[in-house]
Amino acid sequence: KFKFHLFIILVLKYLDKMRCFRKRSTIPFLVALITFLLFINLYIEDGYVLEEDKRQLRETSMQPLNSERYVHTFKDMTNFSGTINVTYRYLAGTPLPRKKYLTIGLSSVKRKRGNYLLETIKSIFDQSSYEELKEIVVVVHLADFDLAWCESLVQEISRKFGHHIIAGRLLVIHAPEEYYPSLNGLKRNYNDPEDRVRFRSKQNVDYAFLLNFCTNLSDFYMMLEDDVRCSRNFLTALKKVVASREGSYWVMLEFSKLGYIGKLYHSRDLPRLAHFLLMFYQEMPCDWLLIHFRGLLAQKDAIRFKPSLFQHMGYYSSYKGAENKLKDDDFEEDSLDIPDNPPASLYTNINVFESYDAAKAYSSVDEYFWGKAPSTGDFYVIVFTKATKISKIKIITGTDDRQNDILHHGALEVGEKLVGTKKGRQCSTYITLGEFKNGNIEVHDVDHKIAFDIECVRIVVTASQKEWLIVRSISLWTTQGASQ
């Protein structure tokens with residue numbers, strides 16, 4: 001009953017806030033009712049409300065969302081598909097009519113110690129090639145209510161990055177304070193002090209307004225914080241990853257393991273995410289809310305790629321100027337060596353252990369394939385969606401903590417002439433590229449050694465082994481790159 005009453009209060013408060021946002025319009029009654037029923041289900045049946053005594057969620061963040069009954073409802077709700085009625089102030093630049101590939105969003109407020117925003121903007125532009133710059137737009141939301149500070153910072157941004165503003169690559173906006181919900185008398189979840197609750201609640205709204213503004217600017221949206229250093233040619237690396245996920249469902253891809261850094265979305269999901277952050281702005285920090293959001297849209301697990309493309313560089317937090325020395329040890333300055341891994345289907349006749357299926361070895365995600373002891377003739381095969389030219393293949397088996405679960409005896413083959421079989425498509429002709437040594441193999445200049453466009457890559461077990469087999473990573477580089 002407590003949860004039920006709590007939820008009624010939450011919904012009524014949200015509807016009251018939305019009347020302020022929309023001013024002349026209200027949320028349709030039917031959609032509000034669906035919302036009510038949806039979150040009743042979440043709160044009561046799935047334990048979606050986090051009570052104060054569940055402090056272990058600071059480590060685990062969120063409970064998994066097990067029910068699928070509400071997922072499609074949330075995905076299809078028209079209430080969450082429209083933008084929020086906010087009149088933004090354009091402090092610098094204006095949007096171009098042509099959609100870009102990627103919008104990079106930054107939200108920044110006045111810090112008590114140190115300001116890294118200019119360095120972050122500089123890193124984004126400096127680490128991008130001229131061709132990459134044509135495909136991105138950077139949107140900075142100056143979310144501080146101190147307008148004099150905003151104006152001063154805009155002048156500095158304009159001096160340093162004027163040519164990017166003129167070219168339409170950099171926009172600076174501000175959402176007026178009048179559009180914000182109340183930031184007083186907020187819920188003191190997790191026993192956080194009042195000023196901490198106010199800070200993180202306002203940050204949720206800052207991000208919501210930023211997401212709302214960026215909805216129609218590009219195909220994809222990347223959230224960064226305002227104290228970040230970028231990997232060289234990060235856009236090219238990001239596009240390779242997106243291309244490798246073609247045909248698979250995802251809501252959020254992660255290119256850093258820290259905070260709200262390097263989180264990638266389809267722009268079509270931004271309205272729903274903006275509404276979601278506003279609905280629960282005072283409940284918990286934004287990075288926790290994000291886990292709930294992707295769960296509601298049926299992405300149960302995080303999809304994080306290595307190496308990380310973005311690094312936290314700020315020494316002082318925007319909250320009270322406290323020290324913040326967090327670093328991403330998976331970050332690499334040069335990201336161009338990320339594999340292309342073109343779209344493909346994966347098959348194996350090796351007995352798979354639990355959920356460590358074949359697809360988990362074929363990406364930069366920190367997961368792997370794990371099969372029970374293979375026998376002579378067993379295989380793991382990659383069948384491309386379309387024939388491609390490959391320049392390099394690198395395969396690693398085993399892990400640091402299971403160094404014996406490697407492929408002790410195996411060969412790497414490439415094939416052509418696809419045929420249909422009862423078990424799916426397979427190549428009818430293969431050529432051996434080399435043998436595994438100490439569980440690994442790396443072959444360069446494949447396109448010079450093989451005359452045909454490759455349709456299959458196959459790992460073949462050449463001798464039975466008693467140890468199980470982990471295929472830790474399969475990395476393929478194409479001669480065309482991911483842009484074609």
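In this text, all values refer to a predicted model and were calculated from it rather than measured experimentally. Along the sequence shown, the residues carry numbers beginning at 1. Only this structure's heavy atoms are used, side chains among them; waters, hydrogens and symmetry mates stay out.
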N/O donor-acceptor pair under 3.5 Å between [X] side chain and [Y] backbone:
X: Ser308; Y: Phe310; result: no
X: Thr462; Y: His409; result: yes
X: Thr432; Y: Gly434; result: no
X: Asn349; Y: Phe379; result: yes
X: Glu367; Y: Ala361; result: no
X: Arg425; Y: Phe384; result: yes
X: Gln465; Y: Glu467; result: yes
X: Glu455; Y: Cys427; result: no
X: Asp378; Y: Ser375; result: yes
X: Tyr380; Y: Ala358; result: yes

Nearest 0.5 Å, what's the [atom1]-[atom2] distance between [X] and [Y]?
X: Arg294; Y: Lys263; atom1: CZ; atom2: NZ; value: 10.0 Å
X: Met279; Y: Phe293; atom1: CE; atom2: CZ; value: 12.0 Å
X: Cys230; Y: Ile261; atom1: SG; atom2: CD1; value: 10.0 Å
X: Phe220; Y: Leu235; atom1: CZ; atom2: CG; value: 10.5 Å
X: Ile104; Y: Ser128; atom1: CD1; atom2: OG; value: 6.5 Å
X: Ile441; Y: Thr397; atom1: CD1; atom2: OG1; value: 10.5 Å

Would you call [X] and [Y] a salt bridge, using N to O less than 4.0 angstrom?
X: Glu413; Y: Arg458; value: yes
X: Glu131; Y: Lys134; value: yes
X: Asp447; Y: Lys389; value: no
X: Lys449; Y: Asp445; value: no
X: Glu135; Y: Lys239; value: yes

Got a sec: does the [atom1] of [X] have more than 12 other heavy atoms crowding it under 6.0 Å?
X: Lys99; atom1: NZ; result: yes
X: Glu246; atom1: CD; result: no
X: His444; atom1: NE2; result: yes

Handout entry: Result of checking Leu211, Leu102, Leu264 against Tyr221 for side chain to side chain contact (heavy atoms under 4.5 Å, CB included)
Key =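 That would be Leu211; it is the only one of Leu211, Leu102, Leu264 passing the side chain to side chain contact (heavy atoms under 4.5 Å, CB included) with Tyr221.
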Return yes if a side-chain donor-acceptor contact under 3.5 Å exists between [X] and [Y], otherwise no.
X: Ser391; Y: Thr479; result: no
X: Ser107; Y: Gln203; result: no
X: Gln127; Y: Asn233; result: no
X: Thr478; Y: Asp340; result: yes

Practice task
Decide side-chain hydrogen bond (donor to acceptor under 3.5 Å, both in side chains) for Thr236 and Glu132; before the verdict, give the C-alpha distance in whole Å, the side-chain angles of both, and the deciding distance to 0.1 Å.
Solution key: CA-CA 7 Å; Thr236 298; Glu132 289 170 329; 2.4 Å; yes
Can you find a pair of side-chain heavy atoms, one from [X] and one from [Y], that are under 4.5 Å apart?
X: Tyr101; Y: Leu238; value: yes
X: Lys360; Y: Ser355; value: yes
X: Ile395; Y: Leu412; value: yes
X: Val205; Y: Leu277; value: no

Exercise for the section: Decide side-chain contact (heavy atoms from CB on, under 4.5 Å) for Ile136 and Thr103; before the verdict, give the C-alpha distance in whole Å, the side-chain angles of both, and the deciding distance to 0.1 Å. Expected result: CA-CA 6 Å; Ile136 65 175; Thr103 299; over 6 Å; no
Problem - Parallel, tilted or perpendicular, as decided by the 30° and 60° cut-offs, for the rings of Trp468 and Trp370 - result: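 Taking Trp468 first and then Trp370, their aromatic rings stand perpendicular (interplane angle over 60°).
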Problem - ring-ring contact (aromatic ring centres under 6.0 Å, His included) evaluation trace for His141 with Phe213 - result: CA-CA 9 Å; His141 178 205; Phe213 179 87; 8.9 Å; no
Handout entry: Pair Phe276-Phe280, ring-ring contact (aromatic ring centres under 6.0 Å, His included): steps then yes or no
Key = CA-CA 6 Å; Phe276 188 79; Phe280 297 106; 5.2 Å; yes
Practice task
Establish, yes or no, whether a centroid distance under 6.0 Å links the rings of Phe305 and Phe255.
Solution key: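 When the ring centroids of Phe305 and Phe255 are compared, they turn out to be within the sub-6.0 Å range.
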